[in-house]
There are 2 protein chains.
Amino acid sequence: MVRLSPVKACNDCPIRYRAVCAECDPDELAVLEQMKTYQTFETGAHLAAAGEDLDHFSSIVTGCATMSRTLEDGRRQTVGLLLPSDFIGRPGRGQSAFDVQALGPVTLCRFERHSFERLVRETPHIASRLMTMSLDELDAARDWAVVLGRMTAREKLAAFLVSLTRRFAQGAGGPRPGGGGVTLQLPLTREELADHLGLTIETTSRQMTALRKDGLIDLRPAREVFIPDFGALCAEAGEDGDGGPIV
Amino acid sequence: MVRLSPVKACNDCPIRYRAVCAECDPDELAVLEQMKTYQTFETGAHLAAAGEDLDHFSSIVTGCATMSRTLEDGRRQTVGLLLPSDFIGRPGRGQSAFDVQALGPVTLCRFERHSFERLVRETPHIASRLMTMSLDELDAARDWAVVLGRMTAREKLAAFLVSLTRRFAQGAGGPRPGGGGVTLQLPLTREELADHLGLTIETTSRQMTALRKDGLIDLRPAREVFIPDFGALCAEAGEDGDGGPIV
DNA sequence: ACAGGAACTTGATCTCGATCAATGCGGGAC
DNA sequence: GTCCCGCATTGATCGAGATCAAGTTCCTGT
């Protein structure tokens, strides 16, 4: 059976980040609590536009979003998937280099940019936490470049499902392990998936079907994907079959 | 004529980063000066291996290096090109997620990791400078994902030449503007180029020839590339033809 | 329940880049 | 000089994924 390593996000700290919020100083928390405002967006809403000034930074509370770029001729590439606890905006960056768009209804916990930047300047451990988050994103972006540049369509799809399962396993509302497998709720349409994988919608759909016919996944209504054997899917994604945990 | 925007690296500060070193405090510089040691590596040397502990962080003084990952079956993808003034290693990261390999003879300015991390902890503006560098790399990695995922072989090559020209323009020993064009010294073999572009060596060579036949570049001995019209090459890379500066 | 539309699947064909296979070139050792 | 050997180019063919074109399923609103 697959081992899950769920690390729950801290609900008290607005910069929710895995379990490190245990380090949060009560005084800092109080400052952040005073600063924050919640805002909800509808499906497809633009949370940020490439090149536009950001007046707020935010942490995703519920829902998912993509970061993407669209070329003049309409070709689109998604460069990152944002899940609950992910942070939008970074100190010293007044604007986003990419479009950020809600995949479904999204609730953000927002902080006025200048106040937040001041807080970061005065609070080294928050700065260091943001650094860690950025470095994680950097590694993830480079990992994804390997997938985009060198993997086949089937491997891309398997790699995405594996990575999404692992990321959800670290937060709440993620995949439900049980019955010798894992159930995953896909937050993306086939088109959004294709844009993330650097494929067309048709190829994405075909490879999805191929994985289903090979018994690696089961496709259920409402974009639910059942993974009977997580290790087998990892192997399909080109990972050495050490049957490691979902992390 | 193409406008160049050269921003020279600061030679005094060991964390050379564009022109921000002007901010370096003399005391910090003294500490760094005491810490640093120079080391030279031969072509092909491994400056860091994926998953191996780093005992030093370093700044590239001369030469170039790649960050790459090689899959079990030999497929390789380069995820970043490191040029003089680029930094290897980040506070809080004891190991590199990728292999770092010298493309030619490389000289590094090295800092013992723990001492450097202590300095960073005690010096917010160095931490903030490292944050800026990391965010630049993050944007670059995501930009490159768009190239890998959605561009044709010809566009990939043009985009790479454009990006390399711009990066060299910010440092020393870069492209020589003049005669209505720019001369670029390619630090990579066709194979290394192919690994960066997510192509095969043959396709890379063919597209190089195609760009030459179309008058967009001229190929000279010793991996020298002459770009007669930088704006035209930018257009080929899918950029809007605003004839912007090399930045 | 039904209608409409968006999301998804499947099929037929085409094309760009991969693969297989020579051939050309250029620089260093002697 | 000329013999190498690694790097680069070019050619012929193949195949994974794109493209064009129907269908089918699923969700939503009434």
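Everything numeric in this text was worked out from a predicted model, so none of it was measured.
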When rounded to whole Å, the CG to P distance for the pair A:Leu188 and C:dA6 reads 20 Å

When rounded to whole Å, the NZ to C1' distance for the pair B:Lys156 and C:dC16 reads 11 Å

To the nearest angstrom, the CD1-P distance between A:Ile201 and D:dT24 comes to 18 Å

Winner on side-chain proximity to A:Leu219, out of D:dA18, D:dA8, C:dT9, is C:dT9

Of A:Arg150 and A:Thr189, the one whose nearest nucleotide on DNA chain C sits closer to the 5' end is A:Thr189

Side-chain atoms of A:Leu199 come closest, of C:dT10, D:dA18, D:dT9, to D:dA18

For D:dT10, does OP1 or OP2 lie under 4.0 Å from any side-chain N or O of B:Thr209? yes

Whole-Å distance, A:Arg220 CZ to D:dC26 C1', equals 17 Å

In terms of heavy-atom contacts, A:Leu108 and A:Ser58 come closest through CD1-OG, 3.6 Å

For A:Ala222, report the nucleic acid contact type (base, sugar-phosphate, nothing); a contact means any heavy atom under 4.0 Å.
sugar-phosphate

Q) Do any side-chain nitrogens or oxygens of A:Thr152 fall under 4.0 Å of OP1 or OP2 in D:dA16? A) no

### Query
Between the base of C:dC8 and the side chain of A:Glu202, is there a donor-acceptor distance below 3.5 Å?
no

Whole-Å distance, A:Arg75 CZ to D:dT19 P, equals 9 Å

Rounded to whole Å, the CG-P distance (A:Leu148 to C:dG17) equals 16 Å

Atom CD of B:Gln207 and atom P of D:dA8 are separated, to the nearest Å, by 16 Å

So does B:Arg190 reach the base of D:dT10 with its side chain, donor to acceptor, closer than 3.5 Å? no

B:Arg150 side chain to A:Leu199 backbone, donor-acceptor under 3.5 Å: yes

Contacts of A:Pro221 and A:Ala153 projected onto DNA chain D by closest heavy atom; the upstream (5') one is A:Ala153

Kindly say whether, by distance alone, the side chain of A:Arg212 makes a donor-acceptor pair under 3.5 Å with the base of C:dT10?
-> no

* Asked: Just wondering, more than 12 heavy atoms not from A:Glu72 lying within 6.0 Å of its CD?
  -> yes

Rounded to whole Å, CD of B:Gln77 lies from P of C:dA18 at a distance of 12 Å

Over 60° means perpendicular and under 30° means parallel, so tell me whether B:His196 and B:Phe160 are parallel, tilted or perpendicular. perpendicular

Mind checking if B:Arg154 touches a base, just sugar-phosphate, or nothing, with heavy atoms under 4.0 Å?
nothing

- Are there more than 12 heavy atoms of other residues, nucleotides or ligands under 6.0 Å from atom CD of B:Glu191? no

Of the candidates C:dG17, C:dG11, D:dA8, the side chain of A:Arg206 sits closest to C:dG11

Heavy-atom closest pair (A:Ser68 atom, A:Phe98 atom, distance to 0.1 Å) is O-CB, 3.6 Å

**Prompt:** Do the side-chain N or O atoms of A:Ser205 get closer than 4.0 angstrom to the phosphate oxygens (OP1, OP2) of C:dC8?
**Reply:** no

